[in-house]
Amino acid sequence: MIKPDHILEINNLSIGLPKRADRKYAVENANIKVRRGEVLCVVGESGSGKSVMTSAILNDIAPGLSFLDGEVLFKGEDILKFNNRKLNELRGSRISMIYQEPMAALNPSIRIGKQVEEVFKLHRPEVSEEERKKETIKLFKQMKLPSPERIYLSYPHQVSGGQCQRIVIAMALACKPDILIADEPTTALDVTTQAEILNLINDLKEIYDNATIFITHDFGVVADIADRVAVMCQGKIIEQGSKAEVLLKPQEPYTKLLVDAMPLLETKRDPNEVSIDDQVVEVCALNKVYRTGPQTVNALIDANFSLQRGETLGVVGESGSGKSTLAKTIIRLIEPTSGSVIINNKDFLSLTKEQLVSARKDIQMIFQDPFGSLNPCQTVGYMITRGLLLQGTPSNKAWSKAKELLGQVGLGEASMKRKPISFSGGQRQRIGIARALSMQPDVVVADESVSALDLSVQKQVLRLMDELQNKYQMAMIFITHDLRVAAQISDYIAVMEKGAIVEYGTARSIFEAPEHEYTKKLIDAAPGRTWSPPRLDPEEALKITKELEALGN
């Protein structure tokens, strides 16, 4: 029988993958115990089995997967043996799920209040229509949503992403479940909104005395929210313990690597060391105004900065702050309303379309999504050589350059003939970097180029970009909502709010002595900022990485 203090036990759980997969198990012999009033963080990289294991708690694994062994005990009963009627009573009532993408979890054509009320209709049919509305608005107040009555009548597109996530949490808590499963619920959110959601989840365990299973790949989030931690690798739980044990004294090499990859708010560069007194970018009074009838929106307001060769400007801020608008106007994917962009002493904004085709080789972009930014029908060799060939480079030299670049980003010559589907997310981003560097640009604009990557892969890519920048001495504009990432790679920081750069300075001055209240708010919200986990020697980290890659193969 289950122990009184354990509300959930997973015992010897194994879930099989389809025969064509590269390994036999999605989850192999997993064992976990969860208590009331605690947050258990399940940590691991993409493909480690986190989401598959937790979906088994609801007996709802994806098609193609199969239960091979084990049990999932909820209050002493094996959920894997429940019939459909008992499962429907359990799901959303006693065990609830918060999904990663809040906008996808809500129906865009139904008012928010009615969607939350549907949970009461399904699981508490005795509650009257009037009481359902009262309970829903009460939940919105508990979620600290502004104007609960207005949100009750709103559609999902009429509220922010952070508010949508609070609404999804309200739906999950409507029936006061015993277990709350949160699957990467803050990954797509701004750092300040993420901090609010993490604080809310911590508060809720006190109010409801429930157990929370929180799935994440970010040890910064673990540092802020976890009571206990389970680390997964290739379907196996390789380490479990308290937050302090796992974060400060990790035992397994893989855990050490993950902890080592946790980015901290520590600056690593000084612009005085990298500057070679050769200005390559100057942005002056750059503005972008959108006009819709009588209304105007100032998406970018008087942006000013300059960069020398070899320097990096980190542009940080929340969604809608103007970061991507700044990037797109600089490279003229969006035409600015006014201002100037000088690249290599040329006025980039005055160029004709024909001149722009030639000039764009000097400024290249690395995009956010390593999956969506590569054509799935083209080979890697074709994608990297295409720009060179269009600029008139002879075919043999273009292919030779592509091979050289792939070697520099850690991919061999064999990659030339393969298509994007053959590569992992981190490898695809390396291909995107190689493609951008093929034109030998003087300026690289990286728009959230590591936000979609696991932390260990993110660290590798950031180190790679740093090495390549030193080699080619290009200036870089690095756009991110994660201040921890900006701290690792930037010489200067521009903090953006509502289209304007509200604070600008060296990375060291911004992080050590911020002046603007908005900057202070962003820094305070950075996950795990008060933790200092042990760091691996770079050679030791490389050794562990190679050993794990060999085991994976």
Side-chain angles (χ1 to χ4, degrees), residues 271 274-291 296-317 320-368 373 387 390-391 435-449 465 469 472-480 486 489-507:
V274 298
S275 176
I276 57 174
D277 196 27
D278 184 3
Q279 186 169 290
V280 67
V281 181
E282 184 179 10
V283 173
C284 296
L286 199 62
N287 287 272
K288 179 61 183 177
V289 179
Y290 290 100
R291 292 183 174 87
T296 60
V297 176
N298 295 307
L300 187 63
I301 305 169
D302 283 335
N304 293 277
F305 66 86
S306 62
L307 277 178
Q308 309 280 350
R309 290 189 183 276
E311 289 183 340
T312 297
L313 170 68
V315 183
V316 301
S321 62
K323 304 188 302 295
S324 292
T325 301
L326 174 63
K328 290 172 182 176
T329 51
I330 289 172
I331 65 175
R332 286 184 64 181
L333 283 179
I334 296 174
E335 292 293 339
T337 305
S338 62
S340 67
V341 176
I342 309 298
I343 297 175
N344 287 335
N345 298 315
K346 295 178 183 177
D347 186 353
F348 204 68
L349 303 185
S350 67
L351 300 177
T352 64
K353 287 185 178 180
E354 292 74 18
Q355 292 170 329
L356 189 60
V357 170
S358 175
R360 273 201 172 132
K361 68 181 178 60
D362 295 330
I363 182 166
Q364 293 288 304
M365 194 157 187
I366 303 170
F367 296 94
Q368 176 174 359
S373 62
L390 288 173
Q391 293 287 341
R435 181 176 61 181
L437 294 182
S438 66
M439 308 305 294
Q440 294 185 305
D442 296 301
V443 185
V444 169
V445 180
D447 190 359
E448 297 279 11
S449 57
M465 292 173 74
Q469 185 181 31
Y472 290 103
Q473 282 299 301
M474 65 224 177
M476 190 182 305
I477 300 167
F478 194 94
I479 296 167
T480 180
I489 200 167
S490 303
D491 302 297
Y492 297 93
I493 297 290
V495 182
M496 295 196 70
E497 182 187 24
K498 297 178 181 177
I501 296 175
V502 297
E503 188 163 2
Y504 180 91
T506 65

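Starting from 1, each residue takes its place in the sequence as its number. Everything numeric in this text was worked out from a predicted model, so none of it was measured.
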Working note: T480 + V315, criterion side-chain contact (heavy atoms from CB on, under 4.5 Å); need CA distance, chi angles, decisive distance, verdict. CA-CA 6 Å; T480 180; V315 183; over 6 Å; no
All side-chain contact (heavy atoms from CB on, under 4.5 Å) counterparts of S373, not counting sequence neighbours: F367, R435
All side chain to side chain donor-acceptor pair (under 3.5 Å) counterparts of Q440, not counting sequence neighbours: none
Scan for salt bridge (Lys or Arg N to Asp or Glu O under 4.0 Å) pairs involving residues 296-305, sequence neighbours excluded, and state none if there are none. none
In short, A327 meets V445 closest at the heavy-atom pair CB-CG1, 3.6 Å
Sequence neighbours excluded, the answer for side-chain contact (heavy atoms from CB on, under 4.5 Å) partners of E497 is V502, H516, Y518
Between Q469 (side chain only) and M474 (backbone N and O only), is there a donor and an acceptor less than 3.5 Å apart? yes
Nearest heavy-atom approach of G317 to K323 is O-NZ, 2.9 Å
Hey, could you give me the OG1/CD1 distance between T325 and I479, rounded to the nearest 0.5 Å? 9.0 Å
Salt bridge (Lys or Arg N to Asp or Glu O under 4.0 Å) pairs touching residues 357-366, sequence neighbours excluded, are none
Residues in salt bridge (charged side-chain N to carboxylate O under 4.0 Å, His left out) with E354, at least two apart? none
Show the nearest heavy-atom pair for residues G322 and L300, with the distance to one decimal. O-CD1, 4.3 Å
Contacts table for residues 336-345: side-chain donor-acceptor under 3.5 angstrom, sequence neighbours left out:
| residue | atom | partner | partner atom | Å |
| --- | --- | --- | --- | --- |
| T337 | OG1 | V289 | N | 2.8 |
| S338 | OG | N287 | ND2 | 3.4 |
| N344 | OD1 | R309 | NH2 | 3.4 |
| N344 | ND2 | D442 | OD2 | 2.6 |

Roughly how far apart are S324 OG and D447 CG, rounded to 0.5 Å? 3.5 Å
Hey, could you give me each pair passing salt bridge (Lys or Arg N to Asp or Glu O under 4.0 Å) that has a residue in residues 326-337? Not counting sequence neighbours. R332-E335
Does T506 reach the side chain of D491, with side-chain heavy atoms less than 4.5 Å apart? no
Looking only at heavy atoms, which two atoms of V316 and A486 are closest? And how far apart? CG1-CB, 3.6 Å
Check whether any side-chain N or O of T329 sits under 3.5 Å from a backbone N or O of L326 as a donor-acceptor pair, and report yes or no. yes
Does V357 reach the side chain of L390, with side-chain heavy atoms less than 4.5 Å apart? no
How about M365 and I331: do any of their side-chain heavy atoms sit closer than 4.5 Å? yes
Among residues at least two apart in sequence or on other chains, which ones pass side chain to side chain donor-acceptor pair (under 3.5 Å) with Y472? Q408
By side-chain contact (heavy atoms from CB on, under 4.5 Å), which residues pair with A446, not counting sequence neighbours? I366, S449, M465, F478
Minimum heavy-atom separation for A507 and I493, please, with both atom names. CA-CG1, 3.7 Å
The reported gap from CG in L356 to CD1 in I363 (rounded to nearest 0.5 angstrom) is 10.0 Å
Is any side-chain heavy atom of I477 closer than 4.5 Å to one of V444? no
Counterpart residues, side-chain contact (heavy atoms from CB on, under 4.5 Å), relative to Y504 (two or more places apart): F305, L313, Y492, A494, I501
Write out all pairs satisfying salt bridge (Lys or Arg N to Asp or Glu O under 4.0 Å) with one or both partners inside residues 338-352, taking only residues at least two apart or from two chains. none
Show the nearest heavy-atom pair for residues E311 and Q308, with the distance to one decimal. OE1-N, 2.9 Å
Could you give me the CA-CA distance, side-chain angles and deciding distance for I334 and Y290, then say whether side-chain contact (heavy atoms from CB on, under 4.5 Å) is met? CA-CA 11 Å; I334 296 174; Y290 290 100; 3.6 Å; yes
